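Here's the structure, in structure tokens; my notes come after.
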There are 2 protein chains.
Amino acid sequence: MKAFTIGQLGDRTGVNVETIRYYEKIGLLPEPARSAAGYRQYGDDHLRRLHFIRRGRDLGFSIEAIRALLRLATHPDYPCQDADRLAAEHLAEVERKIAELERLRHALGEMVNCRAHTVAECRIIDALAS
Amino acid sequence: MKAFTIGQLGDRTGVNVETIRYYEKIGLLPEPARSAAGYRQYGDDHLRRLHFIRRGRDLGFSIEAIRALLRLATHPDYPCQDADRLAAEHLAEVERKIAELERLRHALGEMVNCRAHTVAECRIIDALAS
DNA sequence: CTTGACCCTGTAGTGACTACAGGGTCCATG
DNA sequence: CATGGACCCTGTAGTCACTACAGGGTCAAG
């Protein structure tokens, strides 16, 4: 019966204590048992679930996508197709964002290292103003 | 004396009417004159300034960066160095984001197209759970 | 017995909008 | 002159995923 506190759970998963409470409030992490003083008492199930959430967030999945993935993860007999669709959609979104940022990088690359002396001839201000 | 309404200003700049009012509230766009009925009346100065803001946003500059760039743009004798620093910092941030997204793309690319039948063998769920 | 690190709840703030609700105005048409 | 629809007004609340308090209570070491 080794239970740990919210601070210990945070240390083990690299998740902020406030974020853990937030995940509980939005129903991503189940409410744990409480000590006599009202302290949250977590077990290995919580640890595993929070690790899962943390990895999903590190991969950039939205909270709602993680909610769906968690639902899948707890039903080993479900088809894996749904998980694949979620991941593929997310990958497409990541690629869309990369393309957009590459566009920005190119445009900004043309602008920086402006060697004009004053704003009047500055090509950065000019690019925005005209 | 050709003044135009907020809707016309929005059409000409591609900025949402609600966003224009928001820019006014946060002090990015000066308060225009009003008609007898209380309608906002914009002129060419507003049009130019909002175009500037729009281009800055399209380049991914934050509102605060645009605020600083606008301050520079209205002082042609200021050194252009400050504008260059803002643009260079933003470019560095864009490059940081691209690198992070490339990392995600790689990780997600390894995961998708999972051909397992059920969640039990799914490599997506597995990547998150273990 | 005190100190400091931890825990609790609840609320408000972040960025950059977006979406109403509930009203007023303008103008063209019948 | 009435009416309808497109526009305008203010103000507030919602979005996403947290983060930062404020104002308390608890626990363990020294």
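None of these values were measured; they are calculated from a predicted model. Chain naming here is simple, since letters A, B, ... match the order of the sequence lines and numbering starts at 1 in each. Side-chain atoms are counted along with the backbone in the values below, which use heavy atoms only and exclude waters and symmetry mates.
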Handout entry: Nearest-angstrom distance from the residue atom CD of A:Gln41 to P of D:dT26
Key = 15 Å

Exercise for the section: Would you please confirm or rule out a distance under 4.0 Å between OP1 or OP2 of C:dA16 and any side-chain N or O of B:Tyr23? Expected result: no

Problem - Protein-nucleotide distance (A:Ile20, atom CD1; D:dA17, atom P), rounded to Å - result: 18 Å

Exercise for the section: State, yes or no, whether a side-chain contact exists between B:Phe52 and B:Thr13 at a heavy-atom distance under 4.5 Å. Expected result: no

Handout entry: Any donor-acceptor N/O pair under 3.5 Å between C:dC6 base and A:Gln8 side chain
Key = no

Exercise for the section: Using the closest heavy atom to pick a nucleotide of DNA chain C for each, name whichever of A:Gly38 or B:Phe61 lands nearer the 5' end. Expected result: A:Gly38

Handout entry: Within-4.5 Å side-chain heavy-atom neighbours: B:His75 and A:Val119
Key = no

Exercise for the section: Give a yes or no on this: more than 12 heavy atoms of other residues, nucleotides or ligands lie within 6.0 Å of atom CZ of A:Arg34. Expected result: yes

Exercise for the section: Tell me which nucleotide among C:dC8, C:dC7, D:dC8 gets nearest to the side chain of A:Thr5. Expected result: C:dC7

Exercise for the section: Please confirm whether any donor atom in the side chain of B:Tyr22 sits under 3.5 Å from an acceptor in the base of C:dG15, or the reverse. Expected result: no

Handout entry: Options C:dC6, D:dC9, D:dA17, nucleotide nearest the side-chain atoms of B:Arg21
Key = D:dC9

Exercise for the section: Could you state whether B:Phe4 and B:Val15 fall into the same hydrophobic cluster, counting links through intermediate Ile, Leu, Val, Met, Phe, Trp or Tyr residues with side-chain heavy atoms under 4.5 angstrom apart? Expected result: yes

Exercise for the section: Rounded to the nearest angstrom, tell me the gap between atom CD in B:Glu64 and atom P in C:dA16. Expected result: 8 Å

Handout entry: Rounded interatomic separation in angstrom, taking CZ from B:Phe4 and P from C:dC26
Key = 19 Å

Exercise for the section: Starting at atom CG of A:Asp11, determine the distance to atom C1' of C:dC7, rounded to an integer number of angstrom. Expected result: 14 Å

Exercise for the section: Have a look at B:Ser62 and say if it touches a base, only the backbone sugar-phosphate, or nothing, with a 4.0 Å heavy-atom cut-off. Expected result: sugar-phosphate

Practice task
Would you please confirm or rule out a distance under 4.0 Å between OP1 or OP2 of C:dG24 and any side-chain N or O of B:Tyr39?
Solution key: no

Exercise for the section: Can you tell me the distance, in whole Å, between the CD atom of B:Glu18 and the C1' atom of D:dC8? Expected result: 11 Å

Practice task
Please state whether the phosphate of D:dC18, meaning OP1 or OP2, lies under 4.0 angstrom from any side-chain nitrogen or oxygen of A:Thr19.
Solution key: no

Completion exercise
Closest non-hydrogen contact found for B:Arg57 with B:Tyr23 is CG-OH, 3.7 Å

Problem - Protein-nucleotide distance (A:Ile26, atom CD1; D:dT19, atom C1'), rounded to Å - result: 14 Å

Handout entry: Side-chain N,O (B:Arg40) to OP1/OP2 (C:dT25) below 4.0 Å
Key = no

Handout entry: Side chain of B:Ile6 - closest among D:dC9, D:dT19, D:dG25
Key = D:dC9

Practice task
Look up atom CD in A:Glu93 and atom CG in B:Leu108, then write down how far apart they are to the nearest 0.5 Å.
Solution key: 11.5 Å

Exercise for the section: Starting from P on D:dT19, measure out to CZ on A:Arg57 and report it in whole angstrom. Expected result: 10 Å

Practice task
Check whether any side-chain N or O of B:Arg34 sits under 4.0 Å from OP1 or OP2 of C:dT25, and answer yes or no.
Solution key: no

Completion exercise
Among the nucleotides D:dT26, C:dC8, D:dC9, whichever has the atom closest to the side chain of A:Ala37 is D:dT26

Problem - Under-4.0 Å side-chain N/O to phosphate OP1/OP2 contact, B:Asn16 with C:dT18 - result: yes

Problem - Nucleotide nearest A:Ile63 when distance is taken to its side chain, options D:dA17, D:dC8, C:dC7 - result: D:dA17

